[in-house]
Student: 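I am attaching a structure below and will ask some questions about it afterwards.
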There are 2 protein chains.
Amino acid sequence: MGAQKRKSDCPINYALELFGDRWTLLIVRDMMLKGKHSYGEFLKSEEKIATNILADRLALLEEAEVVIKLPDPAHGSKYIYKLSQKGIDLLPVLVELIMWSAKYDPDSTVEKKFVTQVKKNRETLLKEISSRLKEELAA
Amino acid sequence: MGAQKRKSDCPINYALELFGDRWTLLIVRDMMLKGKHSYGEFLKSEEKIATNILADRLALLEEAEVVIKLPDPAHGSKYIYKLSQKGIDLLPVLVELIMWSAKYDPDSTVEKKFVTQVKKNRETLLKEISSRLKEELAA
DNA sequence: CTGTATCCTTAGGGATACTG
DNA sequence: CAGTATCCCTAAGGATACAG
């Protein structure tokens, strides 16, 4: 696995070949915006990902170096998953997806506060979140 | 078709249930950044989408009101596809995907000029492109 | 708890032929 | 040109059981 033949070298296609499915970005979301870091926490998300899919996507994300997997020193047998810098850099993508859905999905659960924050001071907010993620990565 | 049950009301999930596949966003890209507007032009893209997939995705995009389909007045029997405002509003998402891939894909085909433009003056560039798209929509 | 493994079903998608 | 319609295969994914 890993290097299948690419359909093209288009940057959109590059992203799609990693994230072009219904689950991968939800895992990234959980790590980036919900503070989740373990297999068990990912399983508990409301979308109810299956165990085999979760394991598969975590492996793909790790292989793509978006996610780093390490033994959890605190709990011994547990693993912990962290976003790499490459993963942290997906933050703007996630934010724009959220903004778009907030605008067009009538059932959206996005907090208005978040939307106004982004509109008012996008750069500052991005920096705040990503520096928090960077601290997690360094820890 | 149309309203299958949603996995969740999360905004990321909303976007994923429309774009969470390997093809849909490539069609949006063609309309947004490559000036394509017809079935035949979409078929010619280097990723080689199959006719049935293309027809299916165009129908889904139309149903989601991201794309508007109209008879082409100039050529009679031809149809033309345009991005709606909802579609145009995907521009920031596409741009961030491109920026991310430009940074991490060694084979990326993104022009450096584009990257520096976005970094230097993101808002201006977004406005330029989207106002051009709006003119197309109005035409 | 963190996964693997298996089974089974459905959805995605490539190839190609055909129609208005 | 703009699609439909098939056929057929593979990948995706849900359910559940099992293992370290």
Side-chain angles (χ1 to χ4, degrees), chain A residues 1-8 13 16-28 30-31 35-64 67-82, chain B residues 1-8 13 16-28 30-31 35-64 67-82:
Chain A
M1 30 233 67
Q4 344 71 315
K5 53 194 171 297
R6 292 175 62 171
K7 288 203 298 284
S8 81
N13 186 55
L16 251 27
E17 297 200 348
L18 221 201
F19 302 111
D21 76 280
R22 294 185 123 79
W23 292 107
T24 307
L25 225 46
L26 294 179
I27 300 173
V28 174
D30 281 354
M31 303 186 67
K36 298 189 181 184
H37 297 284
S38 72
Y39 188 91
E41 289 175 311
F42 300 140
L43 272 186
K44 275 179 231 146
S45 292
E46 59 172 334
E47 290 89 3
K48 296 289 162 209
I49 190 169
T51 58
N52 53 344
I53 306 296
L54 175 58
D56 178 70
R57 295 309 190 281
L58 283 172
L60 287 175
L61 286 170
E62 197 189 350
E63 184 192 331
V67 155
I68 298 169
K69 173 183 184 174
L70 15 141
D72 187 339
H75 306 79
S77 82
K78 274 176 56 175
Y79 292 103
I80 198 167
Y81 298 87
K82 293 180 176 187
Chain B
M1 28 229 74
Q4 345 67 319
K5 53 195 171 297
R6 292 175 63 170
K7 289 203 298 284
S8 80
N13 186 55
L16 252 27
E17 297 200 349
L18 219 203
F19 303 110
D21 76 280
R22 294 184 122 79
W23 293 107
T24 307
L25 225 45
L26 295 179
I27 300 173
V28 174
D30 281 354
M31 304 185 67
K36 299 190 179 182
H37 296 285
S38 72
Y39 188 90
E41 289 174 313
F42 300 140
L43 271 187
K44 274 178 230 144
S45 292
E46 62 173 330
E47 290 90 2
K48 296 290 162 209
I49 191 169
T51 58
N52 53 344
I53 307 295
L54 176 57
D56 178 72
R57 295 310 190 279
L58 283 173
L60 287 174
L61 285 170
E62 196 188 350
E63 185 193 331
V67 156
I68 298 168
K69 172 183 184 175
L70 18 142
D72 186 339
H75 306 79
S77 84
K78 273 178 56 175
Y79 292 103
I80 199 168
Y81 298 89
K82 292 181 175 185

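Computed from a predicted structure; not experimentally measured. Within every chain, numbering begins at 1; the chains are lettered A, B, ... in the order of the sequence lines, protein sequences first and strands thereafter.
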Student: In whole angstroms, how far is the C1' atom of D:dA2 from the CD atom of B:Glu41?
Tutor: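 Distance check: B:Glu41 CD to D:dA2 C1' gives 13 Å.
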
Student: Give the B/S/- string for nucleotides 6-18 of chain D, one per nucleotide from 5' to 3', where a protein heavy atom under 4.0 Å of the base yields B, of only the sugar-phosphate yields S, and otherwise -.
Tutor: B------BBBB--

Student: For A:His37 and C:dC1, what is the distance between atoms NE2 and P respectively, to the nearest whole Å?
Tutor: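 After rounding, the gap between these two atoms is 17 Å.
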
Student: Rounding to an integer number of Å, can you tell me how far B:Leu43 CG sits from D:dT4 P?
Tutor: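 Going from B:Leu43 (CG) to D:dT4 (P), I get 12 Å.
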
Student: Do B:Glu46 and A:Asn13 come close enough that some side-chain heavy atom pair is under 4.5 Å?
Tutor: no

Student: Measure the shortest side-chain to side-chain distance between B:Leu61 and B:Tyr81 over non-hydrogen atoms and say whether it is less than 4.5 angstrom.
Tutor: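 B:Leu61 does not reach B:Tyr81 side chain to side chain.
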
Student: Distance check, rounded to the nearest 0.5 Å: A:Lys82 atom NZ versus A:His37 atom NE2?
Tutor: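 Spacing of NZ (A:Lys82) from NE2 (A:His37) equals 8.0 Å.
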
Student: Please report the distance, rounded to the nearest Å, between CD1 in A:Ile27 and C1' in C:dG3.
Tutor: 14 Å

Student: If you look at every strand shown and take non-hydrogen atoms under 4.0 Å, does B:Tyr81 touch a base, only sugar-phosphate, or nothing?
Tutor: sugar-phosphate

Student: Is there side-chain contact between B:Leu16 and A:Leu25, with at least one heavy-atom pair below 4.5 Å?
Tutor: yes

Student: Tell me the interatomic distance from B:Leu54, atom CG, to C:dG12, atom P, rounded to whole angstroms.
Tutor: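 These atoms are roughly 16 Å apart.
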
Student: Measure the distance from CG on A:Asp72 to P on C:dT2 and round it to the nearest whole Å.
Tutor: 9 Å

Student: Which whole-number value in Å describes the distance from A:Leu70 CG to C:dG3 P?
Tutor: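 So the CG-P distance, A:Leu70 to C:dG3, works out to 12 Å.
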
Student: Describe, as an angle rounded to 10 degrees, how the axis at the first end of the helix from C:dC1-D:dG20 to C:dG20-D:dC1 is tilted relative to the axis at the last end, five pairs per end.
Tutor: 40°

Student: Between A:Ile49 and A:Ile27, is there a side-chain heavy-atom distance shorter than 4.5 Å?
Tutor: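 Counting from C-beta outward, A:Ile27 and A:Ile49 do come under 4.5 Å.
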
Student: Just to verify, what does A:Asp30 make a side-chain contact (heavy atoms from CB on, under 4.5 Å) with, not counting sequence neighbours?
Tutor: A:Lys34, A:Lys36, A:Phe42, A:Ser45

Student: Roughly how far, to the nearest 0.5 Å, is the CG atom of A:Leu26 from the NZ atom of A:Lys48?
Tutor: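 So the NZ of A:Lys48 and the CG of A:Leu26 are separated by 13.0 Å.
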
Student: Whole angstroms only, please: what is the OH-C1' distance between A:Tyr39 and C:dG3?
Tutor: 5 Å

Student: Are any non-hydrogen side-chain atoms of B:Tyr39 and B:Lys69 less than 4.5 angstrom apart?
Tutor: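 Counting from C-beta outward, B:Tyr39 and B:Lys69 never come under 4.5 Å.
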
Student: With side-chain contact (heavy atoms from CB on, under 4.5 Å) as the test, would you mind laying out the steps for A:Val28 and A:Met31 before giving the verdict?
Tutor: CA-CA 5 Å; A:Val28 174; A:Met31 303 186 67; 5.9 Å; no

Student: Are any of A:Lys69's side-chain N or O atoms less than 4.0 Å away from OP1 or OP2 of C:dG3?
Tutor: yes

